[in-house]
Engineer: 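This is the structure, below, for whatever I ask next.
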Amino acid sequence: MPLPASFYARPTLIVARELLGCRLIRRLETGEQLTGIITETEAYIGEEDLACHARAGLTPRTRVMYGPPGRAYVYFTYGMHWLLNIVTEPEGFPAAVLIRALEVETGLEQVRANRPGIPTQRLTDGPAKLTRAFAIAGHHNNLDLTVIENGLWLEPGREIPDSRVTIGPRVGLYTVPEPWKSMPWRFRVQ
DNA sequence: AGCACGATTAACT
DNA sequence: GTTAATCGTGCTC
């Protein structure tokens, strides 16, 4: 059963922490399923957070983050990469969790085919790597992830104890001013 | 209309 | 450690 909208309609930091260990499932058009356990997330929270795209307010790009929780916010960056986020908080408040890394469970052969020439350990250890590996791109933007019909959803997976979770600053923020640059909103499984 | 830059990656010195 | 690749977005003129 997919995680329901009520799971995502909570404070973004709670959702980011609890998504660790959850299973991401991508059902391809062929019917084959790729699954992985989420091992790294980051929270982006509201217009005040100057690292969050919503700092620009409501625009065509950020509209999805203002929408209902449990939708995919997939955006294009650096001219070549797609990044997967999941919208959080009640509708109207712009926030999301970036999925930064996962551990492939099933569909490894297909994942390898999507990431030719890449060593197994490196297939999905970055936010743009996992979208390529799982064939997630712009057409998934604004997709409802609380139903299986759309071919992309999440489920409860493994329990991750706090002792295995590392919390630290978000990465890749070069021109973001303090305090936002250093907020400990990144969650990783050791 | 023009421009600077980016929630990155892979290859390279 | 550095850097090229590559283009949509939002801001300035």
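Proteins get letters first, then strands, A, B, ... in listed order; numbering begins at 1 in each.
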Engineer: What is the distance, rounded to the nearest whole Å, between atom CD1 of A/I99 and atom P of B/dT8?
Structural biologist: 14 Å

Engineer: Could you tell me how far apart A/I136 (CD1) and B/dT8 (C1') are, to the nearest whole angstrom?
Structural biologist: 16 Å

Engineer: Could you tell me whether a side-chain N or O of A/S182 sits under 3.5 Å from a main-chain N or O of A/P179, the two making a donor and an acceptor?
Structural biologist: no

Engineer: Nearest to the side chain of A/T175, which nucleotide is it out of B/dA7, B/dG6, C/dG10?
Structural biologist: B/dG6

Engineer: A/E91 and A/Y66: which non-hydrogen atoms are nearest, and at how many Å?
Structural biologist: CG-O, 3.6 Å

Engineer: Verify the contact: side-chain N or O of A/H53 to OP1 or OP2 of C/dT9, cut-off strictly under 4.0 Å; return yes or no.
Structural biologist: no

Engineer: List in numerical order all residues of residues 75-96 of chain A for which some heavy atom is under 4.0 Å away from an atom belonging to DNA chain C.
Structural biologist: A/F76, A/Y78, A/G79, A/M80

Engineer: Side-chain N or O of A/R55 less than 4.0 angstrom from OP1 or OP2 on C/dT9?
Structural biologist: no

Engineer: Tell me which nucleotide among C/dG10, B/dA7, B/dT8 gets nearest to the side chain of A/P60.
Structural biologist: C/dG10

Engineer: Tell me the interatomic distance from A/L98, atom CG, to B/dG6, atom P, rounded to whole angstroms.
Structural biologist: 16 Å

Engineer: Measure from the side-chain heavy atoms of A/I118 and tell me the nearest of B/dA10, C/dG10, B/dA7.
Structural biologist: B/dA10

Engineer: For C/dT3 and B/dC5, measure between their C1' atoms and round to the nearest Å.
Structural biologist: 16 Å

Engineer: Between atom CG in A/L173 and atom P in B/dC5, what is the gap in whole Å?
Structural biologist: 16 Å

Engineer: Which dot-bracket notation, 5' to 3', represents the base pairing of DNA chain C when pairs are defined as Watson-Crick or G-U with both distances under 3.5 Å, crossing pairs as [ ], and inter-strand pairs as |?
Structural biologist: |||||.||||||.

Engineer: State whether A/K129 places a side-chain N or O below 4.0 Å from either non-bridging phosphate oxygen (OP1 or OP2) of B/dA10.
Structural biologist: yes

Engineer: Can you confirm whether A/Q190 is buried at CD, in the sense that more than 12 heavy atoms of other residues, nucleotides or ligands lie under 6.0 Å from that atom?
Structural biologist: yes

Engineer: Taking the side chain as everything from C-beta on, heavy atoms only, tell me whether A/I37 gets closer than 4.5 Å to A/R158.
Structural biologist: yes

Engineer: For the pair made of CZ in A/R170 and P in B/dT8, what is the distance, rounded to whole Å?
Structural biologist: 11 Å

Engineer: Taking all non-hydrogen atoms of both residues into account, name the closest pair between A/L102 and A/G36 and its distance.
Structural biologist: CD1-CA, 4.2 Å

Engineer: Mind checking A/A51 for me? I need base, sugar-phosphate or nothing, with any heavy atom below 4.0 Å counting as a touch.
Structural biologist: base

Engineer: Parallel, tilted or perpendicular for A/W82 and A/F76, by the 30°/60° rule?
Structural biologist: tilted

Engineer: Write down the distance between OH (A/Y174) and P (B/dT8), rounded to a whole number of angstrom.
Structural biologist: 7 Å

Engineer: Could you grab the distance from atom CD of A/Q110 to atom CD of A/E32, nearest 0.5 Å is fine?
Structural biologist: 5.0 Å

Engineer: Under 4.0 Å between a side-chain N/O of A/R122 and OP1 or OP2 of B/dA10, yes or no?
Structural biologist: no

Engineer: What residues form a salt bridge (charged side-chain N to carboxylate O under 4.0 Å, His left out) with A/R71, not counting sequence neighbours?
Structural biologist: none

Engineer: Quick one, A/M65 and A/F93 - any side-chain contact, counting heavy atoms below 4.5 Å?
Structural biologist: no

Engineer: Does A/I45 reach the side chain of A/E89, with side-chain heavy atoms less than 4.5 Å apart?
Structural biologist: yes

Engineer: How long is the line joining CZ of A/R132 and C1' of C/dT6, in whole Å?
Structural biologist: 13 Å

